[in-house]
**Q** 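Here it is, the structure, as structure tokens.
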Amino acid sequence: MACRLNLLFQSAPRQFLERTVLFTDELASPASLSLTRNRIAHHLDIQPLNERATTRVLSGLHQYTDAPLTSYFIPPGVSILIPREDPPYRFVFVPEFNSSRILLSAESGALLRVECERNLSGPMPAPELAPGSRYLDSFAYWDHSGGDLVGRIRATAVLAKEPGKPWTIFMQQIVGTPGLELVRRLETRPLRY
């Protein structure tokens with residue numbers, strides 16, 4: 001059954017992430033990681049999960065029932081290269097972003113290296129501010145989560161590229177009991193490079 005979530009996400013990623021809880025934890029499952037191994041781009045699919053949505057990996061274009069959502073993906077413990085300008089794919093997905101941080105560095109004149117540092121126990125100084133750092137920018141879960149929140153606070157992060165603009169990060173903060181999660185807020189900003 002076509003649910004058109006891929007099409008809705010691609011046409012307005014900010015608005016989609018403001019309204020719809022999007023889980024990306026399935027992207028780090030062994031089955032999904034085996035499909036993404038040794039590939040630059042991946043066929044991702046956003047599927048309904050009651051009032052929420054989840055992202056999964058497809059083995060090929062022939063499995064889509066919705067608009068294709070071919071994207072980059074940052075596997076746990078691996079960095080990827082993406083074009084600074086005019087990428088063939090507009091989105092970079094990250095597995096569940098809880099306690100994580102995106103690190104951005106220059107690889108060459110035309111490429112950026114993106115990695116996701118995971119399992120951070122709290123706020124840390126921005127690595128790009130250290131003297132001689134190779135990093136151009138970072139974006140951390142802990143810089144946008146904390147304070148008066150209790151319970152399990154989940155997060156989803158996606159990078160998006162619009163023509164003529166820098167890559168932009170969207171981090172969706174997800175709160176609520178299992179099965180009744182809501183988007184608390186959406187943090188977003190252009191990456192600096």
Side-chain angles (χ1 to χ4, degrees), residues 13-14 17-18 22-29 32-33 36-42 44 55 57 71-175 183-193:
R14 174 189 297 272
L17 291 169
E18 284 175 335
L22 179 63
F23 295 119
T24 56
D25 51 338
E26 189 177 320
L27 296 176
S29 73
S32 293
L33 290 175
T36 62
R37 189 172 298 124
N38 301 322
R39 292 187 177 184
I40 294 172
H42 312 284
L44 303 183
T55 309
V57 180
S71 305
Y72 301 104
F73 167 65
I74 307 173
V78 177
S79 64
I80 64 166
L81 297 174
I82 58 173
R84 285 179 185 253
E85 299 297 329
D86 302 319
Y89 311 107
R90 295 181 40 213
F91 301 102
V92 178
F93 283 80
V94 179
E96 191 166 20
F97 195 63
N98 299 3
S99 305
S100 298
R101 168 168 74 175
I102 295 288
L103 301 169
L104 186 72
S105 59
E107 184 64 26
S108 70
L111 297 173
L112 296 169
R113 182 170 296 279
V114 184
E115 56 190 288
C116 183
E117 205 173 27
R118 300 177 60 82
N119 301 318
L120 303 175
S121 60
M124 300 176 74
E128 67 273 14
L129 300 178
S133 174
R134 66 182 179 102
Y135 296 109
L136 302 171
D137 198 6
S138 64
F139 185 92
Y141 165 88
W142 286 109
D143 293 342
H144 305 281
S145 298
D148 58 352
L149 299 176
V150 295
R152 183 171 185 211
I153 312 304
R154 298 177 72 175
T156 294
V158 177
L159 279 68
K161 179 77 170 86
E162 296 294 333
K165 296 182 181 178
W167 283 95
T168 300
I169 188 161
F170 295 94
M171 185 191 87
Q172 183 184 72
Q173 190 178 70
I174 302 167
V175 299
V183 176
R184 179 176 184 262
R185 68 177 182 219
L186 183 68
E187 297 288 340
T188 181
R189 76 165 170 81
L191 292 174
R192 297 179 290 263
Y193 54 89

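Residue numbers run from 1 in the order of the sequence given. Computed from a predicted model, the values in this text were never measured in an experiment.
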**Q** For residues Q173 and F97, determine if any side-chain heavy atom of one lies less than 4.5 Å from a side-chain heavy atom of the other.
**A**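 No, every pair of side-chain atoms sits at 4.5 Å or beyond.
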**Q** Taking all atoms of both residues into account, what is the closest heavy-atom pair of D25 and R154, and its distance?
**A**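 That closest heavy-atom pairing would be OD2-NH2, 3.2 Å.
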**Q** Looking only at side chains, do S79 and R113 share a donor and an acceptor under 3.5 Å apart?
**A**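 Side chains of S79 and R113: pair found under 3.5 Å.
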**Q** Just wondering, do T188 and I169 contact through their side chains at under 4.5 Å, heavy atoms?
**A**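 Heavy-atom side-chain distance check fails, nothing below 4.5 Å.
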**Q** Test: side chain to side chain donor-acceptor pair (under 3.5 Å). Region: residues 158-168. Which pairs qualify, not counting sequence neighbours?
**A**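 Found E85-K161, R90-E162.
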**Q** List for me each residue that meets salt bridge (charged side-chain N to carboxylate O under 4.0 Å, His left out) alongside R118, sequence neighbours excluded, and say none if there are none.
**A**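 With sequence neighbours excluded, R118 shows a salt bridge (charged side-chain N to carboxylate O under 4.0 Å, His left out) to no residue whatsoever.
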**Q** With the side chain counted from C-beta on, respond yes when C116 and P95 share a heavy-atom pair under 4.5 Å apart, and no when they do not.
**A**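 C116 does not reach P95 side chain to side chain.
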**Q** With a 4.5 Å heavy-atom cut-off, do P87 and Y72 have their side chains touching?
**A**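 In contact.
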**Q** Between R134 and E115, is the salt bridge (Lys or Arg N to Asp or Glu O under 4.0 Å) condition met? List the steps.
**A** CA-CA 13 Å; R134 66 182 179 102; E115 56 190 288; 3.5 Å; yes
**Q** When rounded to the nearest 0.5 angstrom, what distance separates CG in L104 from CZ in F139?
**A**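 Reported to 0.5 Å precision, the distance equals 13.0 Å.
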**Q** With a 4.5 Å limit on heavy-atom distance, are the side chains of V114 and I74 in contact?
**A**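 The answer is yes, as the side chains (C-beta and beyond) meet within the 4.5 Å cut-off.
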**Q** Working to the nearest 0.5 Å, report the span between CG of L111 and CG of L81.
**A**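 If we round to the nearest 0.5 Å, L111:CG and L81:CG are 5.5 Å apart.
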**Q** Is there a side-chain contact between V94 and V158 in this structure, where contact means two heavy atoms from C-beta onward sitting under 4.5 Å apart?
**A**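 No - every pair of side-chain heavy atoms lies 4.5 Å or more apart.
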**Q** Check whether any side-chain heavy atom of V92 lies under 4.5 Å from a side-chain heavy atom of I80, and answer yes or no.
**A**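 They are in side-chain contact.
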**Q** Hey, what do you get for CG (D137) to CZ (R192), rounding to the nearest 0.5 Å?
**A**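 So the CG of D137 and the CZ of R192 are separated by 4.0 Å.
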**Q** Would you compute the distance between atom CG of L120 and atom CH2 of W142 and round it to the nearest 0.5 angstrom?
**A**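 With rounding to 0.5 Å, CG (L120) is 9.0 Å from CH2 (W142).
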**Q** Are any non-hydrogen side-chain atoms of L44 and F91 less than 4.5 angstrom apart?
**A**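 Of all side-chain heavy-atom pairs linking F91 with L44, none is under 4.5 Å.
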**Q** When rounded to the nearest 0.5 angstrom, what distance separates CG in N119 from CD in E117?
**A**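 Answer for the CG-CD pair, N119 versus E117, is 10.0 Å.
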**Q** Side chains of E128 and S138: is there a donor and an acceptor less than 3.5 Å apart?
**A**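 Side chains of E128 and S138: pair found under 3.5 Å.
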**Q** Which distance, rounded to the nearest 0.5 Å, do you find between the CD1 of I40 and the OH of Y89?
**A**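 Spacing of CD1 (I40) from OH (Y89) equals 8.5 Å.
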**Q** Between R185 and E187, is there a salt bridge with N-O shorter than 4.0 Å?
**A**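 A salt bridge links E187 with R185.
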**Q** For R14, give me all partners under salt bridge (charged side-chain N to carboxylate O under 4.0 Å, His left out), at least two apart in sequence or on another chain.
**A**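 For R14 there are no salt bridge (charged side-chain N to carboxylate O under 4.0 Å, His left out) partners, ignoring immediate neighbours.
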**Q** Locate the shortest heavy-atom distance separating M171 from Y141; write the atom from each residue and the value.
**A**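 Closest approach of M171 to Y141: SD-CA, 3.9 Å.
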**Q** Between E96 and R152, is there a salt bridge with N-O shorter than 4.0 Å?
**A**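 Yes.
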